[in-house]
Number of protein chains: 2
Amino acid sequence: MENEKGNISTTEQQILEAAKSVFLEKGMDGARMQEIADRAGINKALLHYYFRTKDKLFITIFRNLISNLFEQINLQLQNNDDIFDFVEKFVTNYIAMLEHNVYLPNFIMNEMNRNHENIVQIFESERVIQNVPKLEKIIKKSVEAGEIIPITAENLITDMIGLCVFPVVGKPVILNFLFRGDIAAHKKFMEGRKEHVINLIKNSLTPGKQIK
Amino acid sequence: MENEKGNISTTEQQILEAAKSVFLEKGMDGARMQEIADRAGINKALLHYYFRTKDKLFITIFRNLISNLFEQINLQLQNNDDIFDFVEKFVTNYIAMLEHNVYLPNFIMNEMNRNHENIVQIFESERVIQNVPKLEKIIKKSVEAGEIIPITAENLITDMIGLCVFPVVGKPVILNFLFRGDIAAHKKFMEGRKEHVINLIKNSLTPGKQIK
DNA sequence: GTCTATAGGAAGATAGAC
DNA sequence: GTCTATCTTCCTATAGAC
């Protein structure tokens, strides 16, 4: 049996992939060891042989997902000097990532809101958005150049992520309650979001307006 | 025993309140009938006497929460003619509501993402953001008056809600990974969000700028 | 490492007395 | 309506053979 890298996939890898998919879809509380074993093509006993408990398996998956996510975010936060260029790239890449990981944001936010004792451990070791100072420098430079109005890095990051993530996490809400189940209309809406968000952020940062 | 309205609270009311708090905190999968019974001050048997199954109890709670939420949102969407005034009021009221219901958005979005068969029923009957057309009229009028640049009502609603909701749903993520657990800094950040979001939206809508 | 079988317990739901 | 006691099912986890 081969995985996407062309390597022979070990049982452990199969378990990790199965567990990831089940946890992402069902959450910690809704996930069943039986289903993970099934998707991995093994039985429950073997599953417990590799990862003694459900908790340990969960924490492994959760750590991996968090690490990957923040690695990508940190990458986006460096290597930029033009703020408008940065916004465009960040939003573009973040939305692209979300399209390939639709379950991810709901999973992470939900599990972190239900504070399973498990998750607390993670905070100790991996507090991982390190590149905020780099963004602060870009902002400072752009403000001094008169290109944008002042904004904190934390607000800018929160704005961009919130505008991108909410339509994904809230998809069922938006589709059913805002578009009344009209899938075509919702699809069109989602296709236009990227451009909309980029323009929204850029517009909001552009100086030289008197509000009210 | 009295509830906040000063009425004698019946057993049923106590159950509903207990169930609401447990479901909001733990979610459908994490909630336990035993805990609901405990918080209601009764036992499991009586709980099942009132609501035969956990599913029925859940759907009752979920319906109520959804109805209340969208009732409020619909209220905000009517009775406004100035678009800037509308944005300010909507964001202000929405954030105030969130402060009193911190568990609500994560609960609703998470439960709707895990499509329990239960929830499907709700879509049939209550597709509830009816006042979109009213917002569209305000937007149209404001665009024609040259007060704002064009935007769809759906995008404006999604923007406002996303910018307000994400810091609440993603609080643990933001606090731990963006503010590195610094509660004071995070608190300050949250206190400034309302003004930030209002200005952000207003700025983004203001015309008379050439982007790039 | 991998399996079958089963222990052990938690949780939803019911029976039946009061 | 409300309780105690119990049933039944499901699920995590382990024992032990191969």
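Only a predicted model underlies this, so the values are computations on that prediction, with no experimental measurement involved. Chain naming here is simple, since letters A, B, ... match the order of the sequence lines and numbering starts at 1 in each.
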Note to self: Using modelled atom types and a 3.5 Å cut-off, is there a donor and acceptor pairing between side-chain atoms of A:N155 and backbone atoms of A:I151?
What the structure shows: no
Notebook entry, point to check: From the 5' end of DNA chain D to its 3' end, which nucleotides mark the outer limits of contact with chain A, defined by a 4.0 Å heavy-atom distance cut-off (strictly under)?
Noted result: D:dC11 to D:dA15
Check: Can you tell which of A:N93, A:V91, A:T92 makes a side-chain contact (heavy atoms from CB on, under 4.5 Å) with A:Q76?
Finding: A:N93
Notebook entry, point to check: Are B:K188 and B:D182 close enough for a salt bridge, meaning some N to O gap below 4.0 Å?
Noted result: no
Item checked: Contact residues, residues 24-34 of chain B to DNA chain D [heavy atom, < 4.0 Å] -> none
Next item on the list: Taking the six-membered ring for Trp and the full ring for Phe, Tyr or His, determine whether the centres of B:F86 and B:F90 are under 6.0 Å apart.
Entry: yes
Next item on the list: Look at B:R39 together with B:E17 and state whether they make a salt bridge at an N to O cut-off of under 4.0 Å.
Entry: no
Notebook entry, point to check: Which class fits the ring pair B:H186 and B:F179: parallel under 30°, tilted 30 to 60°, perpendicular over 60°?
Noted result: perpendicular
Notebook entry, point to check: Which residues in residues 38-54 of chain B have at least one heavy atom lying under 4.0 Å from any atom of DNA chain D?
Noted result: B:I42, B:N43, B:A45, B:L46, B:Y49, B:Y50
Check: What about A:F107 and A:F23, are their ring centers closer than 6.0 Å?
Finding: no
Checklist line | Test item: A:R193 and B:D159 side chains (from C-beta on) under 4.5 Å apart, heavy atoms | finding: yes
Next item on the list: Test side chain to side chain contact (heavy atoms under 4.5 Å, CB included) on B:L156 and B:T152 and set out the steps.
Entry: CA-CA 6 Å; B:L156 180 54; B:T152 66; over 6 Å; no
Notebook entry, point to check: Of the non-hydrogen atoms in B:G162 and B:P167, which two are nearest, and what is the gap between them?
Noted result: O-CD, 4.2 Å
